[in-house]
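One structure, as structure tokens, below. Some questions next.
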Number of protein chains: 2
Amino acid sequence: MSFGRDSYHHGNLREALVEAARRLIAERGLGGFAFAELARAAGVSPAAPYRHFRDRGALVAELALRGFAMLREDLLTAWNDGRPDPAAAIERCGRAYLHFARRDPAAYAAMFDGTPGETDPALRAAADAAFAVVRNAAEAACAAAPTRNRPPALMVALHVWTLCHGTASLFTGPPSPGRRPLPMTPEDLLEAGLLVYLRSLGLGG
Amino acid sequence: MSFGRDSYHHGNLREALVEAARRLIAERGLGGFAFAELARAAGVSPAAPYRHFRDRGALVAELALRGFAMLREDLLTAWNDGRPDPAAAIERCGRAYLHFARRDPAAYAAMFDGTPGETDPALRAAADAAFAVVRNAAEAACAAAPTRNRPPALMVALHVWTLCHGTASLFTGPPSPGRRPLPMTPEDLLEAGLLVYLRSLGLGG
DNA sequence: AAGCTCATGTGAGCAGGGTTTACATCACTG
DNA sequence: CAGTGATGTAAACCCTGCTCACATGAGCTT
């Protein structure tokens, strides 16, 4: 369990690599970390990381996997069984979503901009589990809505997720050319959007 | 004006590079094109592209610039002065937005995932011009809404843009780990979302 | 037509990254 | 205490981004 490298083996290389990548991606974007650079930061030879990750993509996938697990927990806490009412709880979920995207931009990028290629089943499962929280919230919201205005719960969940992701993608993280200047916080923009949307379903204030 | 390279000079290198980049980015993502590869595809030495673009980022910025101009035109056409009514016209804009993201995924990526660094003023202006169309549509929609339910037009524009971008980002282009399987087309999902949202403002329906 | 100029392309070259392979070290286990 | 498997090293390969001095030739001036 040595960190400063007093022995031949690092003792914690895998974690060190993940954390170094998290830092670099947060600073310079998804493409902004070099495998060799991580190795250097850990005080290890350029080939060492390959003992822990098949390639760069595998490290990004690991980051995404952990990200989905954390996001799921944050959403579960925010949902809090829909108390005091589904609309308020969903707005809390929106804030939690943005908070997560801000707190761990590297994981967020890995989750939504990463690996155009094949997707590992465990990763897909983690993504499903995170979405399931929103899906469940949408079910509760629809159950609480007047019968006439009930759209399918899955669609509501997708709309909520879309609004959250759109807000996070456009207004947090590294600025892209398409980023608009905001006259309010992203949190307030999202809350207002969710409010308007849910009101149309007969929910909220 | 030679293409197959019968003379020392290419004659159209700049355009050839942009088009090759567009193709490669569409296939392999934003990081998936090599400057040297573009040169090879154009039958030119690896140093030649640097006569036309300062670096890789400059080419991406060019793609983004053209993208915003095209998107603006598409949105203007879709808006069609708000006929027959603002809600219907805004939904048409949403479809146009998705259609653009699908038709030119490389430009779309350059516009919204590109260059974490400084942004050229012309690029910013092009982005502003495209957003202005939506902004204008939101003004018209708000003007048509019952007085009690009028949120600020800018906020409505931002919500619409966010919904469009969220949908495009999550459900078109190269699949990311966070992508959900959809029981409908992205177009229908977005249309439904805009419908619910605008209904809350007292429009459409 | 002669000559100048400048945009455009070339070739060579440097630093550095991704990845593989054969080998070294070491913790653990029987 | 030897054997084994996990972990790190060294060296090597090719590719990329980018720079610089130089070559080419299109178009303008005269």
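Below, chains carry the letters A, B, ... as their sequence lines are ordered, and counting in each starts from 1.
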Discussion item. Under the side chain to side chain contact (heavy atoms under 4.5 Å, CB included) test against A:P186, which residue among A:L182, A:D188, A:L189 passes?
Written reply: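 Going through the options one by one, the only one that passes is A:L182.
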Item to complete: Could you check whether B:A48 gets within reach of a base, just the sugar-phosphate, or nothing at all, counting any heavy atom under 4.0 Å?
Response: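 The residue B:A48 makes base contact.
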Worksheet item: Distance only, no hydrogens: is a donor on one side chain within 3.5 Å (strictly under) of an acceptor on the other, for B:D74 and B:T77?
Response: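 No.
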Worksheet item: A:L59 CG to C:dG18 C1': how many Å, rounded?
Response: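 The answer, rounded to whole Å, is 14 Å.
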Worksheet item: Considering all heavy atoms of both residues, which atom of A:R54 and which atom of A:Y50 are nearest to each other, and what is their separation?
Response: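 That would be O-CD2, 3.6 Å.
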Discussion item. Closest-nucleotide mapping onto DNA chain D: is A:P46 or B:R54 further toward the 5' terminus? I mean the 5' end.
Written reply: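 Nearer the 5' end of the strand: A:P46.
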Worksheet item: Looking across every strand, which nucleic acid part, if any, lies under 4.0 Å from A:A34 by heavy atom: base, sugar-phosphate, or nothing?
Response: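 Sugar-phosphate, backbone atoms only, no base.
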Item to complete: Would you mind reading off the distance between A:L13 atom CG and D:dT7 atom C1', rounded to a whole angstrom?
Response: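 It is 9 Å, rounded to the nearest whole Å.
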Discussion item. Base, sugar-phosphate or nothing for A:Y50? Non-hydrogen atoms, less than 4.0 Å.
Written reply: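 If one applies the 4.0 Å heavy-atom cut-off, A:Y50 turns out to touch a base.
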Worksheet item: Please give, in whole Å, the distance from C:dG17 C1' to A:E37 CD?
Response: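 Rounded to whole Å, this separation is 10 Å.
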Discussion item. In this structure, how many angstroms lie between the P atom of D:dG17 and the CZ atom of B:R51, rounded?
Written reply: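 Those two atoms, CZ and P, are 18 Å apart.
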Worksheet entry | Backbone N/O of A:G67 and side chain of A:R72: donor-acceptor pair under 3.5 Å |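 Judged by distance alone, no pair lies under 3.5 Å.
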